[in-house]
Amino acid sequence: MTLTGSTIPRVRFAPSPTGYLHVGGARTALFNWLFARRMGGVFVLRIEDTDVERSSTDMVTGILDGLSWLGLDWDEGPGVGGPHAPYFQSERLELYRAAAAELVAAGRAYYDFGGPSKRGDAAADDDGTYERRYDRDACLAVSADEVARRLAAGEPYAIRFLVPPGETVFADLVHGDVRFDNAHIEDFVVLRSDGYPTYHLSVVVDDIAMAMTHVVRGDDHISNTPKQVLLYQAFGKPVPHFAHVPLIMGADKKRLSKRHGATSVMEYERQGYVPEAMVNFLALLGWSPGQDLELLTKDELVAHFTLEGISTGNAVFNTEKLDWFNHQHLLKRSDDDLVTLLTPWFERAGLWQADLAGARRGWFVEVLTLLRPRARRLGEFVDGARPFLVAPDSYDADGVAKHLSAPGIGAHLTALREAFAGLEAFTEGPLEQTLRAVAEQRGLKAGVLIHATRLAMTGRTVSPGLFELLRLLGRDEVVARLARVIQTR
RNA sequence: GUCCCCGUCGUCCAGAGGCCUAGGACGUGGCCCUUUCAAGGCUAAAACACGGGUUCGAAUCCCGUCGGGGACGCCA
């Protein structure tokens with residue numbers, strides 16, 4: 001017995017290309033993807049570009065790039081095609097027009113010649129009465145002949161769905177039963193006067209045509225859902241399962257927006273986050289594997305994912321935690337991966353040298369290894385590696401005051417320089433023994449020389465362990481940097 | 001304003017009537033390690049919004065209040 005088409009879960013991510021892929025959309029896409037992968041289902045990507053005014057192909061590209069960066073591959077959709085192509089709604093307009101006509105023919109929708117009214121034309125009154133922007137009675141009073149005449153005359157019209165009386169209920173996989181009194185639902189437009197469908201119509205027509213079994217989307221769509229359920233019923237089609245996931249909020253619990261910092265996922269790439277960290281973090285924002293599991297690979301997320309594990313309340317985006325995830329996942333990257341990942345970062349900083357991937361590769365990897373426990377984002381590797389690649393061009397003022405200003409420090413460092421110059425094995429052990437011996441001979445605490453030397457080597461007061469640093473710098477460079485500081489004392 | 005959703009540590013989650021003196025993670029404080037900064041180890045503070053029920057027993061069920069969010073477009 002093999003699975004038939006109808007038993008294979010089919011889900012979709014259906015972004016509108018009116019902006020870049022933001023973290024909220026990315027998480028919705030992720031949940032859909034995880035569900036499809038977990039269930040052996042199909043993940044469809046569909047572009048909802050029926051708002052010609054605001055949609056752009058650049059945005060489509062941006063969204064595709066974002067998904068690709070996160071590693072969320074789609075089984076059907078732009079670039080890969082599929083049995084239900086095309087996957088751009090702007091190329092499926094005839095379908096929606098036919099569907100709208102079907103509704104009218106069935107008496108489930110009617111023509112509205114009233115002309116467009118935009119949001120705000122008629123807001124709700126303070127006393128709670130809601131003034132409709134359209135006149136259902138007037139529209140319905142127009143006779144069939146009259147409608148035909150006006151259509152023939154080329155009068156612009158919109159088509160509105162005739163909301164029946166009663167109650168609309170749907171079982172949400174994360175919220176349970178959600179019910180709406182149809183009296184609170186107005187006769188929404190399904191086909192605009194420009195011939196384009198509205199969201200409600202196109203989404204339902206396509207979800208039916210593309211055989212979606214589950215609709216996983218943001219909470220903000222809950223109040224849209226009864227309208228769509230009504231449409232499924234009017235078309236005589238089965239209603240898919242819905243799962244409305246809570247929204248992601250900023251630190252002030254307000255909806256995430258520009259003023260909370262980065263909202264585009266690609267912006268996180270620019271800030272030095274790796275995709276697997278972003279995926280791990282996003283997955284745990286509003287979902288739980290049901291155990292105290294935190295650090296998960298994409299495969300592990302797939303293995304644990306269930307729609308039932310999605311939480312009901314909104315979640316606040318916490319950058320500190322994202323940083324921690326990034327640090328953890330950076331630790332898990334192989335040396336090869338890390339070098340590949342970092343190469344463009346060093347290039348941009350003007351610090352890249354070809355032999356870092358060749359003759360000095362082993363050395364470079366050692367530098368990166370010292371930096372790993374200290375780096376949360378990729379850029380920190382560049383900053384941390386700088387002193388290993390170029391001599392300091394300035395010295396931290398506070399550090400100089402603290403570690404290079406004591407009388408006699410020049411002589412102390414000269415003694416150290418000479419000892420280092422004569423060292424046979426320029427490795428951690430001998431390096432440390434030598435420094436401590438010099439300190440003792442001169443009646444100094446080792447820390448005095450250590451701090452002064454760190455400053456001489458890096459220009460900074462913080463760095464990885466001094467002796468590893470010295471070893472990797474090499475005798476010539478160490479002696480030269482020491483000499484340069486001594487000159488100024 | 002109307003409708004809908006939600007309400008456990010600062011934040012993200014666990015908890016599906018007794019296992020809870022409420023657990024984990026991030027963050028924060030302290031201690032240890034230590035040449036600085038990290039990392040690591042140990043440790044501490046930190047929450048069931050409030051009020052009524054139901055029940056032998058409620059963080060878990062019901063109602064209300066308050067609070068937060070979302071939707072009310074010829075946007076998606």
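A note on names: the letters A, B, ... follow the listed sequences, proteins ahead of strands, and every chain is numbered from 1. Just so we're clear, the structure is a prediction, and the values are computed from it rather than from any experiment.
- In this structure, His221(A) and Tyr199(A) have tilted ring planes: the angle between them lies in the 30° to 60° band.
- In terms of position along RNA chain B, the nucleotide closest to Val174(A) lies nearer the 5' end than the nucleotide closest to the other residue of the pair Ala158(A) and Val174(A).
- As rounded to whole Å, 19 Å separates atom P of C3(B) from atom CG of Asp219(A).
- In this structure, Arg372(A) pairs ionically with Asp335(A), as a charged nitrogen and a carboxylate oxygen lie closer than 4.0 Å.
- Following rounding to the nearest Å, Phe170(A) (CZ) and A71(B) (C1') show an atom-to-atom distance of 12 Å.
- Listed nucleotides: G7(B), G68(B), A76(B). Nearest to the side chain of Lys254(A): G68(B).
- Both tests hold for Arg160(A) against Tyr134(A): distance to the six-membered ring centre under 6.0 Å, angle to the ring axis within 45°.
- Taking 3.5 Å as the limit, the base of A76(B) and the side chain of Asp49(A) contain no donor-acceptor pair of atoms between them.
- Residues forming a ring pair (Phe, Tyr, Trp, His ring centres under 6.0 Å) with Tyr157(A) (at least two apart in sequence, or on another chain): Tyr111(A).
- Classification of Arg460(A) and Asp383(A) as a salt-bridged pair holds, one side-chain N sitting under 4.0 Å from a carboxylate O.
- Annotation: proximity of residues 11-25 of chain A to RNA chain B (heavy atom, distance under 4.0 Å) is found for Ser16(A), numbered in ascending order.
- Residue Arg255(A) places at least one side-chain N or O under 4.0 Å from the OP1 or OP2 atom of A71(B).
- Glu94(A) and Arg97(A) are joined by a salt bridge, as a carboxylate oxygen and a charged side-chain nitrogen come within less than 4.0 angstrom of each other.
- Using a 4.0 Å heavy-atom cutoff across all strands shown, Ser311(A) reaches sugar-phosphate atoms only and no base atom.
- Taking the six-membered ring where the residue is Trp, Phe305(A) and Phe35(A) present perpendicular rings, their angle passing 60° and hence far from 30°.
- Between Ser223(A) and G70(B), a side-chain N or O to OP1/OP2 separation shorter than 4.0 Å is absent.
- Salt-bridge annotation for Asp112(A) and Arg136(A): absent, with no side-chain N of the basic residue lying under 4.0 Å from a carboxylate O of the acidic one.
- The side chain of Arg374(A) places no N or O atom within less than 4.0 Å of a non-bridging phosphate oxygen (OP1 or OP2) of U36(B).
- A cation-pi arrangement, defined by a distance under 6.0 Å to the six-membered ring centre and an angle within 45 degrees of its axis, is present between Arg150(A) and Phe113(A).
- Within the nucleic acid shown, Ser193(A) comes within 4.0 Å of at least one base atom, counting heavy atoms only.
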Could you list the protein-to-nucleotides 16-23 of chain B atom pairs, N/O on both sides, closer than 3.5 Å?
none

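- Of the side-chain N and O atoms in Lys402(A), none sit less than 4.0 angstrom from OP1 or OP2 of U36(B).
- Checking Val316(A) against Phe180(A), the closest nucleotide of RNA chain B that is more toward the 5' end is the one next to Phe180(A).
- Looking at heavy-atom distances under 4.0 Å, His221(A) makes contact with a base.
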